There are 2 protein chains.
Amino acid sequence: MLKAAFREVKEIIRDRIVEGVWKPGELIPNEIDLAVEFGCARATVNRAVRELAEEGLVERRRKAGTRVLASPVRRAQFEIPIVRKEIESQGQIYRHAVVGQKVNKAPDWLRARMNLDIGALALHVTCVHYGDNNPYQFEDRWINLAALPHAADADFTKTGPNEWLIEAVPYSDAEISFSATAADKELASYLDCAVGDPLFLAERSTWWRGDAITYVRMTFQRGHRMTTKY
Amino acid sequence: MLKAAFREVKEIIRDRIVEGVWKPGELIPNEIDLAVEFGCARATVNRAVRELAEEGLVERRRKAGTRVLASPVRRAQFEIPIVRKEIESQGQIYRHAVVGQKVNKAPDWLRARMNLDIGALALHVTCVHYGDNNPYQFEDRWINLAALPHAADADFTKTGPNEWLIEAVPYSDAEISFSATAADKELASYLDCAVGDPLFLAERSTWWRGDAITYVRMTFQRGHRMTTKY
DNA sequence: CAGTGGTCTAGACCACTGT
DNA sequence: CAGTGGTCTAGACCACTGA
């Protein structure tokens, strides 16, 4: 068998949709009929069509049947690697430098974002990540000490806060957002660019079962791009 | 049945991994043993573990078994909607204006990017998308006329080029990339911001079975963010 | 070559929901 | 209430690959 049967079925159905045999908004035949047509078990058709639904090409509803979506929802998927691996995968030599590490009372904007109590303590760590000694990313991180008390004593010079956290604590939920920002004086000096330069910014918050763990702003060197195929 | 059995199994296994019962790098029991433990069919365990593998939590190999990944590859998924729907889903009124539409010889950078012949013709369309009459996105698009000759005569005033293309032609492959850019004079005027302001930029190329269809630069209003949970 | 996952089947029952 | 998809099962054979 060159291909799994369910993949064949999936491709045939996908082709019929893009070729317009089954048009947007229309119903496609039910699973039993398709199984008969393709000479396979209903479960095989089910898996094929289920995956097409996950890809956003069709919509399935009990009793109503399977409908071709009018505007296929395209989904782009990005892998979020550890910055060290990202740099090393480009064949560059990784290095990082911790430029600040201090326990603070969490500022109001952070308390709001992470849902912390008044007076809550947070560890503020900043560091710069280099690839082949060129600045690659500036990391500005806050760690909730109520959730992770022993973070206060951690040594981030060997293992960056990013990797330290991954080993120290799992997380159940994360939110990430991307935007553009202008370099301020601090960023300009760390990332070796001009004040006002447009920089790509990624922000991430993570939680473990309701408790905020960390919030981080990752600002990338000038010209950074995040690319994917889909 | 409150939950499908395979979802229960999936949750239990996921929990054991994050709790450290099965540690990174270790093998988890094989499907038959798990099926016995959970009192279900092997196919049920298979679906649960297969989905965990798709999520990047474990790695499966025949004969070798299923291994917990050391650094779980986290994947963030974004939906790429049509700009009109994006705006309307925020409860705003959508409108767009075509500000340029003209057939050109494809410039060299475009020929390189889309793999076009020397002298190939391309349609260059620019338009601005508004939400509640505030500029939201500037769209700067090139369409390969060799692949889509009748695009030259299209009227993009009713339906934007984005939606027109989706109806006119399917695509098999797409590449999208995100970065930050500074507003030039043109962008500043269309997006109502200052020259030099940092703007979020999305670029997308699409192909249909090897032939380039279109390349588009979508520059967003100041402060635009793209957010997702994962 | 033997163990593990990959897939398929035929049949069954169930859950949801349009009519 | 009837049709469609959602899920499960028990068993089977196969494909890959580590030992």
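Letters go in sequence order (proteins before strands), and every chain restarts at 1. As the structure is a prediction and not an experimental result, all values here were calculated from the model.
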Checklist entry - When you match B:A43 and B:P29 each to their closest nucleotide on DNA chain C, which lands nearer the 5' end? => result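 Result of the comparison: B:P29.
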N-O pairing of [X] and [Y] below 4.0 Å:
{"X": "B:E79", "Y": "B:K85", "result": "no"}
{"X": "A:E51", "Y": "A:R47", "result": "yes"}
{"X": "B:E19", "Y": "A:R209", "result": "yes"}

Looking at [N], I'd like to know if its phosphate oxygens (OP1 or OP2) sit under 4.0 Å from a side-chain N or O belonging to [X].
{"X": "A:R42", "N": "C:dA12", "value": "no"}
{"X": "A:R60", "N": "D:dG6", "value": "yes"}
{"X": "B:T44", "N": "D:dT7", "value": "no"}
{"X": "B:R50", "N": "C:dG5", "value": "no"}
{"X": "B:N46", "N": "C:dG6", "value": "yes"}
{"X": "A:T66", "N": "D:dG5", "value": "yes"}

Checklist entry - Should the pair B:W164 and B:H150 be assigned to parallel (<30°), tilted (30 to 60°) or perpendicular (>60°) ring geometry? => result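 Ring orientation of B:W164 relative to B:H150: tilted.
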Item to check | Test applied, side-chain hydrogen bond (donor to acceptor under 3.5 Å, both in side chains); reference residue, A:Y136; option that passes from A:E86, A:Q92, A:H129, A:Q221 | outcome: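 Per the side-chain hydrogen bond (donor to acceptor under 3.5 Å, both in side chains) rule, the option paired with A:Y136 is A:E86, out of A:E86, A:Q92, A:H129, A:Q221.
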Distances for protein N/O vs nucleotides 16-19 of chain D N/O pairs under 3.5 angstrom?
from: D:dG18; atom 1: OP1; to: B:R61; atom 2: NH2; distance (Å): 2.8

Next on the checklist: In this structure, how many angstroms lie between the C1' atom of D:dC8 and the CZ atom of A:R47, rounded?
Outcome noted: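 Atom CZ in A:R47 sits about 16 Å away from atom C1' in D:dC8.
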Item to check | Spacing of B:L27 atom CG relative to C:dG5 atom P, expressed in whole Å | outcome: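 Interatomic distance, CG of B:L27 to P of C:dG5: 9 Å.
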Next on the checklist: Just to be sure I follow the notation: if a pair is Watson-Crick (purine N1 to pyrimidine N3 plus N6-O4 or O6-N4) or a G-U wobble (N1-O2 and O6-N3), each under 3.5 Å, what dot-bracket string does DNA chain C give, with | for pairs to another strand?
Outcome noted: ||||||||||||||||||.
Checklist entry - A:L123 and A:A151: which non-hydrogen atoms are nearest, and at how many Å? => result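 What the structure gives for the nearest pair is CD2-O, 3.4 Å.
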Item to check | Nearest-0.5 Å distance that lies between atom CZ in B:R141 and atom CG in B:L165 | outcome: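 Going from CZ on B:R141 over to CG on B:L165, the span is 5.0 Å.
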Next on the checklist: Filter on ring-ring contact (aromatic ring centres under 6.0 Å, His included), then keep only pairs touching residues 68-87 of chain A, sequence neighbours left out; what's left?
Outcome noted: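 Sorted result for residues 68-87 of chain A: A:F78-B:F78, A:F78-B:F178.
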